[in-house]
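Taking it in order: structure first as structure tokens, then the write-up.
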Amino acid sequence: MNDYPIRIRSFGVHAILVEWPDQVDTVVLNDILQYAQCLREHFKAEPIALVTAYNSLTLISEREPLDLKEMESTLFALYEKRTGTPPGQKYLWRLPVCYDAEFGIDLEAVSDRLGLSTEELITLHTKNSYTVYGIGFLPGFMYLGGLTAALEIPRRPKPRLRVRKGAVGLAGKQTGIYPQESPGGWNIIGNCSVPIFDATKETPCLISVGDQVQFYAISRSEYELHKIEGEVGIYQVEKSLLNG
Amino acid sequence: MVNVLKSGFFTTVQDTGRFGYRDKGVPVSGIMDDLTVNQINGLLENDPKAAVLEITMTGPTLLFGEATHVVLGGAQMSATLNNTPIENHKIYAVSEGDILSYGKLEKGFRGYLAIKDGFKTDAVLGSKSMFFQVTPTNHISDGDVLAFDRDMSFEPKITAFKTEDLLDENVLEVFKGPEYGILVDKQLERIFSDGFLVSKENNRMAYQLQETVLGHGHTMLTSATLPGTVQLTPEGRLIILMKDGQTTGGYPRILQLSKKAIAILAQKKFSDTISFKLV
């Protein structure tokens, strides 16, 4: 495993920010996650939250201030020791998406603009698996990386006031799912029938940073079936272990 | 229990917040002015996590179904108990059938109502704090019933206290944020030499400021944000994230408010003035 020149600094008095080189790269992300495992182990008795996104890890104390001077050497020492911690389990989640025109309200316009048929667009969108580089913006909103260049399209000039829950969108180098109804400027190409975030569950969001997501196309009737299965609580999301 | 006869403009149940889900994008939420609530919960000898009502701008009318003790704090909102004016930071015994109501907002923006042992509303993900993407509703409504435990035996050690009034303060103590280094002299000068007006876009998620500073072209990868993080948009607008603010963001985080500064800002409304002071 490479050692990166990590940078550690304070972020107010209750948080410390650790940064890796400014790049979107699964090798960097995995290094951060390995370090996060090591920190989680070390601070397990303390109420410290760890937020991982792209090239950074932020330690946030929910109560007492974090003193950088006091902690800096420990944090660097733990970085040296990170490979001694077993890595966390990572999963590949297969998520069903219905690209029906009722949901994929921008699908045709986006296909035209990219010079693809809608079938070609769906094939390209479902071909690769995407890495979850961060979760934020909204509860359960995943920042997914790994979109093929052929599907890069600017966000809509004017955001919509309401994008429906489960909407699957494209914007720039990103694709993703709106976990709740919200305003949004992404181009909407389909809808995912699986709830990504459910506050009534003890684990409200099954997917974690570092996991992979792959979409697969489903028909309208399969979509309705998943919805009903979801409502009665018998739908199981397809997942497989990526490591370990 | 409390019957909500009128809910007021925007009244929510809040506690210290929802912890442990930031990595899933869930904001901490919780009391905006927690310095005030620590004091009034303390006066009632409550657990610091006891849930209170956070009352924005216009207060509710509440009918008490059982006896208890209450303390108000924060904004001065011309509150009355059975039509008799009552003060902030003072314990009042209420009886079954009493009506607490609010009048004109005199000072500040968010009032608080603490009740002996806290409101016993439903918790979601470990917190009673209302937040629209997590809890079924994001504010109380006319006709709601809010549970609490009847209290007959409480004998307060002290019944009132004078406190340093945060409502008159408008200087926000800030630390340098992670991207403070991108600021050029012209921006620094504007940020620290003069005040800013609070814009119309101010709520539990974020406070935007009216005046802009010089814009920038700095791009960065999305990274964690906190309540009190001051973001600078490319157009030069300052956005201060608050308790319901998003957990990650892609705008430079130029400053970070102290806890006290967050409490001071929580009492500001549209067109109030604030200024920043680096500590």
Side-chain angles (χ1 to χ4, degrees), chain A residues 7 9-24 28 36 40 47-63 65 133-143 145 165 174 179-182 196-209, chain B residues 16-30 48-49 122-127 131-136 173-181 205 218-230 241 244-250 253 255-262 279:
Chain A
R7 188 171 174 209
R9 52 217 170 109
S10 57
F11 181 4
V13 289
H14 286 86
I16 290 175
L17 174 66
V18 188
E19 287 176 306
W20 277 251
D22 192 359
Q23 60 199 68
V24 180
V28 170
R40 211 168 279 126
I48 292 178
L50 302 175
V51 178
T52 306
Y54 289 104
N55 69 327
S56 68
L57 174 67
T58 307
L59 293 82
I60 306 164
S61 168
E62 309 293 12
R63 280 187 239 132
Y133 279 99
I135 299 179
F137 169 56
L138 295 169
F141 185 92
M142 299 178 279
Y143 293 91
K165 177 180 173 177
Q174 291 190 300
Q180 279 106 74
E181 183 183 291
S182 82
I196 300 301
F197 182 88
D198 182 352
T200 65
K201 300 270 161 59
E202 203 172 320
T203 307
C205 178
L206 297 168
I207 304 173
S208 298
V209 175
Chain B
T16 46
R18 187 168 282 111
F19 300 107
Y21 301 96
R22 285 183 202 256
D23 60 342
K24 304 294 185 181
V26 181
V28 288
S29 299
K49 290 185 184 134
D122 292 339
V124 179
L125 302 178
S127 168
F131 174 61
F132 68 106
Q133 283 147 352
V134 171
T135 55
E173 287 184 345
V174 293
F175 307 97
K176 292 178 181 177
E179 283 74 48
Y180 181 86
M205 294 172 79
H218 182 81
T219 58
M220 57 176 272
L221 290 168
T222 288
S223 184
T225 51
L226 308 169
T229 298
V230 184
L241 297 178
D244 287 346
Q246 57 194 63
T247 55
T248 62
R253 301 154 293 183
L255 304 170
Q256 177 64 38
L257 270 61
S258 70
K259 274 190 115 162
K260 186 179 170 187
I262 294 173
V279 291

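Computation of the quantities below employed the complete heavy-atom set of this structure, encompassing side-chain atoms and omitting hydrogens, waters and symmetry-equivalent molecules.
With a 4.5 Å cut-off on non-hydrogen atoms, A:Y143 touches chain B through its side chain but not through its backbone. For A:I60, the part sitting under 4.5 Å from any heavy atom of chain B is the side chain, from C-beta outward, and nothing else. Heavy atoms closer than 4.5 Å to chain A are found nowhere in B:F132, neither backbone nor side chain. For B:V124, the part lying under 4.5 angstrom from a heavy atom of chain A is the side chain only. Contacts between B:Y21 and chain A at a heavy-atom distance below 4.5 Å involve the side chain alone, from C-beta outward. Within the 4.5 angstrom heavy-atom criterion, only backbone atoms of A:Q23 (N, CA, C, O) approach chain B. Neither the backbone nor the side chain of A:Y133 has a heavy atom closer than 4.5 Å to any heavy atom of chain B. Looking at A:I207, only its backbone comes within 4.5 Å of chain B, counting heavy atoms on both sides. In this structure, chain B has no heavy atom under 4.5 Å from any part of A:T200.
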Verdict with supporting geometry, A:D22 and B:L221, side chain to side chain contact (heavy atoms under 4.5 Å, CB included): CA-CA 7 Å; A:D22 192 359; B:L221 290 168; 3.2 Å; yes
Pair B:L226-A:H14, side chain to side chain contact (heavy atoms under 4.5 Å, CB included): steps then yes or no: CA-CA 9 Å; B:L226 308 169; A:H14 286 86; 5.9 Å; no
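Annotation: side-chain hydrogen bond (donor to acceptor under 3.5 Å, both in side chains) contacts of B:T229 (sequence neighbours excluded): B:Q256.
For the residue pair A:L17 and B:P178, the shortest heavy atom distance occurs at CD2-CB, 3.5 Å. In this structure, A:A53 and B:S223 approach most closely via the heavy-atom pair CB-CA, 4.2 Å.
Within a 6.0 Å radius of CZ in A:R7, no more than 12 heavy atoms belonging to other residues, nucleotides or ligands are found.
The residue from B:V26, B:T247, B:L125 that alone fulfils the side chain to side chain contact (heavy atoms under 4.5 Å, CB included) condition with A:P139 is B:V26.
Using a 4.5 Å heavy-atom cutoff, the side chains of A:F141 and B:T248 are not in contact. For the pair B:R22 and A:T58, the minimum side-chain heavy-atom distance is 4.5 Å or more.
Between the NZ atom of B:K24 and the CD1 atom of A:I196 there is a distance of 11.0 Å, given to the nearest 0.5 Å. A distance of 12.5 Å separates CZ of B:R18 from CD of A:E62, quoted to the nearest 0.5 Å. With values rounded to the nearest 0.5 angstrom, B:T225 atom OG1 is found 6.5 Å from A:F11 atom CZ.
By number of non-hydrogen pairs under 4.5 angstrom with chain A, the leading residue of B:Q133, B:R253, B:M220, B:K259 is B:Q133.
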